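Since the structure comes first, as structure tokens, the remarks are kept for the end.
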Number of protein chains: 2
Amino acid sequence: MALIKPRSRRGGGRPTIADVARKAGVGAITVSRALREPERVSEELRRQIQAAVDELGYVPDPNARALASARAEVFGVLVPSLTNNVFAEVVRGIYDSLSDSPFRIQLGNTHYSGLEEERLLQLFGSQRPAALIVAGIDQTPTSRKLLENAGCPVVQVMETGPDPVDMMVGFSHLDGGRTATEHLIEMGYRRIGFIGARMDPRSQRRLAGYRAAMEKAGLFDPRLITTTPLLSSVPLGRELFRDALAKVPSLDGVFCNNDDIALGVLFECHRAAIDVPKTIGIVGFNDLDMMQVAFPSITSIRTYRYEIGRRAVAMALAAIAGDRPEQRVVDLGFELKRRESTAR
Amino acid sequence: MALIKPRSRRGGGRPTIADVARKAGVGAITVSRALREPERVSEELRRQIQAAVDELGYVPDPNARALASARAEVFGVLVPSLTNNVFAEVVRGIYDSLSDSPFRIQLGNTHYSGLEEERLLQLFGSQRPAALIVAGIDQTPTSRKLLENAGCPVVQVMETGPDPVDMMVGFSHLDGGRTATEHLIEMGYRRIGFIGARMDPRSQRRLAGYRAAMEKAGLFDPRLITTTPLLSSVPLGRELFRDALAKVPSLDGVFCNNDDIALGVLFECHRAAIDVPKTIGIVGFNDLDMMQVAFPSITSIRTYRYEIGRRAVAMALAAIAGDRPEQRVVDLGFELKRRESTAR
DNA sequence: CAGGAAAATGGTAGCGCTACCATTACGCAG
DNA sequence: CTGCGTAATGGTAGCGCTACCATTTTCCTG
């Protein structure tokens, strides 16, 4: 009956780095190094240690690691919505880019609320993340300060702008809105409405692009604009279009703030037997894959959401590795996809 | 020139619990308690401590907390896809239910891969999460063992089944598939196809439900089934429908494995001038909100994804609090939404 | 008013890991 | 053979917090 030191009362008896070290006959620190910087440990010890790790089924405790190194292997990601396909794609890009790395992802949903964003930033910051990726460039002053003091690379995504906290990947929503509207004008539409839900800052800028194009063509009329603070959806698109049409019966085109709205408009046109594109032209935004198979297919502004996510991670990873990219603001652009819904 | 102990070289100089304790004139442990179990600290000290916390801007370090208590305030969530609206809704339910709690969420994307699931479970487990929520009930033996040994409440979501690891919230996909198919039969359709992409276990069970209904009615014909391992999408729905129709020109109805596919079918019908519901009846699955505004509106099986997420969290929270619910398997059911696409 | 339970507070000793600074081993120039 | 730079390894001391076990104070009961 040996007097063995009892297994620690707390940690649930999982093997620790000390167990591995004992089994491999080396110091704990060497195990730590073998795991994190293998090139600094001799070939032989590395093998021994690996064997011990496998045999014991050792998995490092990320919490202990984070505490000791004052750095968690976590990417904090903040988006305003989880169900909106646009952000889901960005998030997917982020996940795919990080799946082979040691980094975990901490995803936060701000619900389009600045206050919520501050709360989450505070929470995420307390973990000492390796990097932060946040959607949008319109942080509150408090949030901005939080980002600046985060002590890690920060990437603002979805949009580009003049004053990055650190890095940015996105495109110009204003230009997107203008391009969409100019296309409608070019195709001969005149009484072109803007329909948008959930007018977040990006939507506001698309609207500004719409307005710029309309004013330049001498077609602007505030009555052509229909918006709501409600969350965007296909049914809502249908409702808003009916409102818009009731307000301006001479409407002959719509630039929809996103594809959900556009689809709602299309369905209402079918239902009301309004000819698309003859009577009404429709342009969406984001180019969800259903746009190209809709009947008629819907013209839309293609955006590179997935790529934004990938790029953001690539830039953050580079910054973590020490080489700050010289190009701190990356504009991924967009592309107008001309389709049947505007082919008058 | 006092010999003040230098600010720790590591932790970046943020205030710690000791700083708060000093400022409030109490012991560190009392601060810890005031923050976690306020009712165990006297009114007065609580106020003093709160004041110190506010003044210093103290935020507890979750890593240190997790290490000391061998328990991280983290919910691990594993889903096969981030962009599929179905899982996005479940995840949204989880986030909304947890937003006012101290728990963070660790979201993992398995890409429908058992291996990836094992990897993530291993990773998540190493953090000692407070609870695990995983999609599906068909874990590999390794994953199942990992879940059983996680040492925390586990909720399997999306489906119900006979043998929960711990708890379950979902519904019967087999019954859903059967109900959808029976509806088509009842409405007078006879050559009813099944169209499905990404045949994960849930899709397989919907197919089984379809098959059961068809066989019972003496209508089953394997040529009516069209599937692909590709990821589901609206364009793919269109493709598959064309394939199905080429294979079986007499097709007069389709049960689509999900609403994306159904929408693709509808668009193709428009394009090919096939009358819905006269010539072809369409039923979808999940009842995305666009189904009710499509033209014609599409019959679908309504599922309660958001509610599944909420319920899963509620059950996990209850288990954490110590009261294991006696009902460990919760069936949230589904509802057939009859619409124009089957109103022959 | 003693006795004892309960409430309120604090001290100590880690949790499992890594930063920092030795220490040792080795090779090679002088 | 000495001296010294470099590579490889290890020991020590925390990281910031909480579990565990005192200790003190308060308040009841008989």
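Naming convention: chains lettered A, B, ... in sequence-line order (proteins, then strands); numbering from 1 in each chain. As the structure is a computational prediction, the values presented were derived from the model and not from experiment.
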Less than 3.5 Å apart, which donor and acceptor atoms pair up between the side chains of residues 71-84 of chain A and the rest of the protein, not counting sequence neighbours?
from     : atom 1 : to        : atom 2 : distance (Å)
Arg71(A) : NH1    : Arg128(A) : O      : 3.0
Arg71(A) : NH1    : Pro129(A) : O      : 2.7
Arg71(A) : NH2    : Gly151(A) : O      : 2.9
Ser81(A) : OG     : Thr83(A)  : N      : 3.3
Ser81(A) : OG     : Asn84(A)  : N      : 3.0
Asn84(A) : OD1    : Val86(A)  : N      : 2.8

Atom pairs and distances, side-chain donor-acceptor, residues 51-66 of chain B, under 3.5 Å, sequence neighbours left out:
from     : atom 1 : to       : atom 2 : distance (Å)
Asp54(B) : OD1    : Gln50(B) : NE2    : 2.9
Glu55(B) : OE2    : Lys23(B) : NZ     : 3.3
Asp61(B) : OD1    : Asn63(B) : N      : 2.7
Asp61(B) : OD1    : Ala64(B) : N      : 3.2

Donor-acceptor list for residues 310-318 of chain B side chains, cut-off 3.5 Å, not counting sequence neighbours:
from      : atom 1 : to        : atom 2 : distance (Å)
Arg310(B) : NE     : Ser97(B)  : OG     : 3.3
Arg310(B) : NH1    : Tyr306(B) : OH     : 3.2

For residues 24-33 of chain A, please give each side-chain donor-acceptor pair under 3.5 Å, one per line with the distance, not counting sequence neighbours.
from     : atom 1 : to       : atom 2 : distance (Å)
Ser32(A) : OG     : Arg36(A) : NE     : 3.2
Ser32(A) : OG     : Arg36(A) : NH2    : 3.0

Just the table, please: protein N/O against nucleotides 23-27 of chain C N/O, every pair under 3.5 Å.
none

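Within a heavy-atom distance below 4.0 Å of DNA chain C, the residues of residues 32-47 of chain A found are Ser32(A), Arg36(A).
Under the side chain to side chain donor-acceptor pair (under 3.5 Å) criterion, Gln156(A) pairs with Gln139(A), sequence neighbours left out. Every residue meeting the side chain to side chain contact (heavy atoms under 4.5 Å, CB included) condition with Glu39(B), not counting sequence neighbours, appears here in chain and number order: Glu37(B).
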Represent DNA chain D in dot-bracket notation, 5' to 3'. Only Watson-Crick or G-U wobble pairs with both distances under 3.5 Å count; pseudoknot-style crossings use [ ] and interstrand partners use |. ||||||||||||||||||||||||||||||
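Separating the CG atom of Leu67(B) from the C1' atom of dG14(C) is a distance of 9 Å, rounded to the nearest angstrom.
Sequence neighbours left out, the pairs with a member in residues 95-105 of chain A that pass salt bridge (charged side-chain N to carboxylate O under 4.0 Å, His left out) are Arg92(A)-Asp96(A). The salt bridge (charged side-chain N to carboxylate O under 4.0 Å, His left out) analysis of residues 134-154 of chain A, with sequence neighbours excluded, yields the pairs Asp138(A)-Arg205(A), Arg144(A)-Glu148(A), Arg144(A)-Asp163(A). The list of ring-ring contact (aromatic ring centres under 6.0 Å, His included) pairs with a residue in residues 25-49 of chain B, not counting sequence neighbours, is empty.
Of the N and O atoms on the side chains of Glu118(A) and Thr140(A), at least one donor lies less than 3.5 Å from an acceptor on the other residue.
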